[in-house]
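Working notes, structure below.
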There are 2 protein chains.
Amino acid sequence: MSRKRSDQIAEGLRQRILSGELPPGARLENEATLTARLETSRWTLREALKSLETQGLVRVRSGPGGGASITEVSAATANELLWNFCFSRDLSVPDIYALRKLLEPALARQVTPLLDERTLAQLAATADRCCSYRHEGRGVSEREDELNFHNLLAAVSPNPLLRFLVEFLNGLLLKVVAAQHLDPALAGVDLNYHGHDYHLELIEAFRERNAERAGRLMYEHMEAGERYMAEVTALATSRAAARSATHDSEESQCP
Amino acid sequence: MSRKRSDQIAEGLRQRILSGELPPGARLENEATLTARLETSRWTLREALKSLETQGLVRVRSGPGGGASITEVSAATANELLWNFCFSRDLSVPDIYALRKLLEPALARQVTPLLDERTLAQLAATADRCCSYRHEGRGVSEREDELNFHNLLAAVSPNPLLRFLVEFLNGLLLKVVAAQHLDPALAGVDLNYHGHDYHLELIEAFRERNAERAGRLMYEHMEAGERYMAEVTALATSRAAARSATHDSEESQCP
DNA sequence: GCGTGAAATTTATTATAACAATTTGCAGCG
DNA sequence: CGCTGCAAATTGTTATAATAAATTTCACGC
């Protein structure tokens with residue numbers, strides 16, 4: 001029971017959208033008509049529309065024929081809103097890998113029979129691009145290409161929710177790593193090479209339509225990634241400890 | 001690049017929240033001060049705050065010492081926003097079970113060593129309540145108790161995201177079933193009895209701290225649930241087809 | 001037939017004003 | 001000391017008005 005009038009209006013419209021009465025593409029009337037019909041003021045109505053717009057359920061445009069129109073919630077919108085939820089839950093990297101170890105292998109098995117030649121070529125290109133970094137500087141862009149490989153796979157899944165969750169977890173990993181200052185560049189360069197090999201082997205498994213092998217390889221890939229991140233974390237925390245010990249040397253000398 | 005001033009303000013505040021500069025509990029200044037500081041009007045500011053409120057990032061209260069204060073995004077809020085995304089993606093029941101088959105067994109394994117006596121008692125109570133329905137009318141409340149068992153387990157998980165996703169999937173199943181008019185009561189009463197037995201066996205496995213058995217039982221439970229729902233779906237669609245055939249008999253007689 | 005630009009439509013923003021509703025905190029009363 | 005109720009602070013809602021910005025449509029010229 002929302003006390004606020006604007007919330008009541010927004011919730012009412014939301015229910016009409018979720019019930020299918022207002023399908024995507026439908027246009028709401030203009031502000032003046034709506035304020036009259038809902039017996040409210042222009043500002044209360046605008047607050048309600050802003051709420052729906054934030055939820056990604058409507059889009060408001062200016063101009064003739066403009067106004068609020070119903071839209072499908074985009075994956076990008078859902079992604080951001082779910083990130084809002086996650087950021088304050090101090091998710092650990094192992095928490096994320098616990099889920100990736102469940103979803104990514106299942107995804108690999110599911111898409112093995114579905115991959116067409118074009119997607120396989122894209123996967124190979126991304127894997128090669130990853131490899132090329134081996135000889136140059138490594139950093140965020142390499143990590144993004146790593147996840148790009150997995151996002152390409154996710155896009156093939158016929159399960160919309162699996163697709164979304166895998167992509168979300170991939171983005172989440174980047175964000176959590178950034179938030180905890182676990183830059184993989186901190187660690188030794190030779191630690192990350194497994195990743196490329198797994199990608200190349202995965203493409204092999206895909207090409208021979210061996211779902212079982214693809215799933216197994218993906219699980220091993222996730223385990224290797226988790227181990228790698230654990231090493232990076234250990235390195236980062238030990239260095240942080242060393243730094244703070246040096247900085248606090250004058251205060252912390254008396255036990 | 002949001003063209004709208006209110007979106008710019010909302011996004012600016014959101015970034016300050018996500019960066020940790022504005023931690024949960026922090027209070028923003030009142031409307032008058034903020035409009036002055038941000039050099040905007042009261043209405044543009046209020047639209048920005050409404051957006052943040054919809055995202056669950058702030059809470060706005062009246063009264064002295066009121067105003068906008070930063071809050072953690074609740075699981076309930078994230079749940080609703082993610083449901084907005086899912087509802088238009090015509091998720092099938094098998095899509096949902098594909099994920100439940102992955103997450104629920106992992107959850108069962110994870111929580112087996114963590115369950116205390118109190119939670120075990122609650123689980124047993126819920127399972128018993130489910131059994132009691134066997135002799136009475138069956139319906140939505142039974143289904144809710146079914147999911148209640150799983151939600152009790154989810155609450156024990158130390159992984160916040162796994163916890164959230166399992167609870168979300170459970171609610172999602174209810175909503176999708178409702179949206180597709182797949183009321184299990186349509187099917188024969190004897191179809192659903194497996195559920196209770198699995199719950200009782202699961203409690204056994206938990207008590208003997210046998211994570212492997214718990215995971216295996218949970219997977220079988222999910223498979224049984226999926227099969228059950230497939231039967232209900234088949235029944236519902238065949239009945240619907242029969243109904244429409246009867247109704248269209250006069251038109252569809254000429255081939 | 002095509003492109004360009006002007007016009008019309010609609011939302012976006014700002015300004016001002018007033019009153020209602022809610023909540024806090026204090027003061028007064030029992 | 002505790003409870004009640006009033007006062008004050010702050011947001012919530014409505015009203016009116018004016019200008020800016022965006023976008024579509026249409027007409028005009030080429």
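On a predicted model such as this, the values are computed, not experimentally measured, just so you know.
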Exercise. Strictly below 4.0 Å, heavy-atom distances to any atom of DNA chain C: list the hits from residues 22-33 of chain B, or just say none.
Key: none
Quiz item: Can you list every salt bridge (Lys or Arg N to Asp or Glu O under 4.0 Å) pair that touches residues 148-164 of chain A, not counting sequence neighbours?
Solution: none
Quiz item: Taking for each residue the nucleotide of DNA chain C bearing the nearest heavy atom, is the 5' side occupied by Thr44(B) or by Ala68(A)?
Solution: Ala68(A)
Quiz item: What pattern of brackets, bars and dots sums up DNA chain C from 5' to 3', given Watson-Crick or G-U wobble pairs under 3.5 Å, [ ] for crossing pairs and | for another strand?
Solution: ||||||||||||||||||||||||||||||
Quiz item: Between the main-chain N or O of Gly67(A) and the side-chain N or O of Asn30(A), is there a donor-acceptor pair closer than 3.5 Å?
Solution: no
Exercise. Among Leu103(B), Leu107(B), Leu165(B), find the one that has a side-chain contact (heavy atoms from CB on, under 4.5 Å) with Ser157(B).
Key: Leu107(B)
Exercise. Could you list the residues that satisfy side-chain contact (heavy atoms from CB on, under 4.5 Å) with Thr233(A), not counting sequence neighbours?
Key: Leu182(A), Thr237(A)
Quiz item: Can you name the side-chain contact (heavy atoms from CB on, under 4.5 Å) partners of Pro64(B), sequence neighbours left out?
Solution: none
Quiz item: Which pairs with one or both residues in residues 149-168 of chain A pass ring-ring contact (aromatic ring centres under 6.0 Å, His included), sequence neighbours excluded?
Solution: Phe149(A)-His199(A), His150(A)-His199(A), His150(A)-His221(A), Phe164(A)-Phe85(B)
Quiz item: Mind checking what makes side-chain contact (heavy atoms from CB on, under 4.5 Å) contact with Leu152(A), not counting sequence neighbours?
Solution: Gln122(A), Leu123(A), Thr126(A)
Quiz item: Is Leu162(B) close to Leu99(A) at the side-chain level, that is, under 4.5 Å between some pair of heavy atoms?
Solution: yes
Quiz item: Sub-3.5 Å donor-acceptor pair from the side chain of Thr35(A) to the main-chain atoms of Ala32(A), do we have one?
Solution: yes
Quiz prompt | Glu53(A) with Lys50(A): basic N within carboxylate O range, under 4.0 Å | solution = yes
Quiz item: Step by step, would you call Leu173(A) with Arg100(A) a side chain to side chain contact (heavy atoms under 4.5 Å, CB included)?
Solution: CA-CA 10 Å; Leu173(A) 188 59; Arg100(A) 292 194 80 199; 3.4 Å; yes
Quiz item: Mind checking which nucleotides bracket the chain A contacts on DNA chain D, 5' to 3', with an atom under 4.0 Å from a heavy atom?
Solution: dG12(D) to dT24(D)
Quiz item: Can you pull the ring-ring contact (aromatic ring centres under 6.0 Å, His included) pairs that have at least one residue in residues 26-72 of chain A, sequence neighbours excluded?
Solution: Trp43(A)-Trp43(B)
Practice problem: Could you name each residue pair satisfying side chain to side chain donor-acceptor pair (under 3.5 Å) that touches residues 18-28 of chain B, not counting sequence neighbours? | Solution: Arg16(B)-Glu21(B)
Quiz item: Want to settle it: does Arg42(A) or Glu39(A) sit nearer the 5' end of DNA chain D, counting the closest nucleotide to each?
Solution: Glu39(A)
Quiz item: Is there side-chain contact between Leu13(A) and Leu28(A), with heavy atoms separated by less than 4.5 Å?
Solution: yes
Quiz item: Would a 4.5 Å heavy-atom cut-off, applied to side chains only, mark Thr54(A) and Asp7(B) as touching?
Solution: no
Self-check item: Sorted by number, the residues of residues 45-64 of chain B with heavy-atom contact under 4.0 Å to DNA chain C
Solution: Glu47(B), Ser62(B), Gly63(B), Pro64(B)
Quiz prompt | Span of DNA chain C, from the first to the last nucleotide whose atoms fall under 4.0 Å of chain B heavy atoms | solution = dA12(C) to dT24(C)
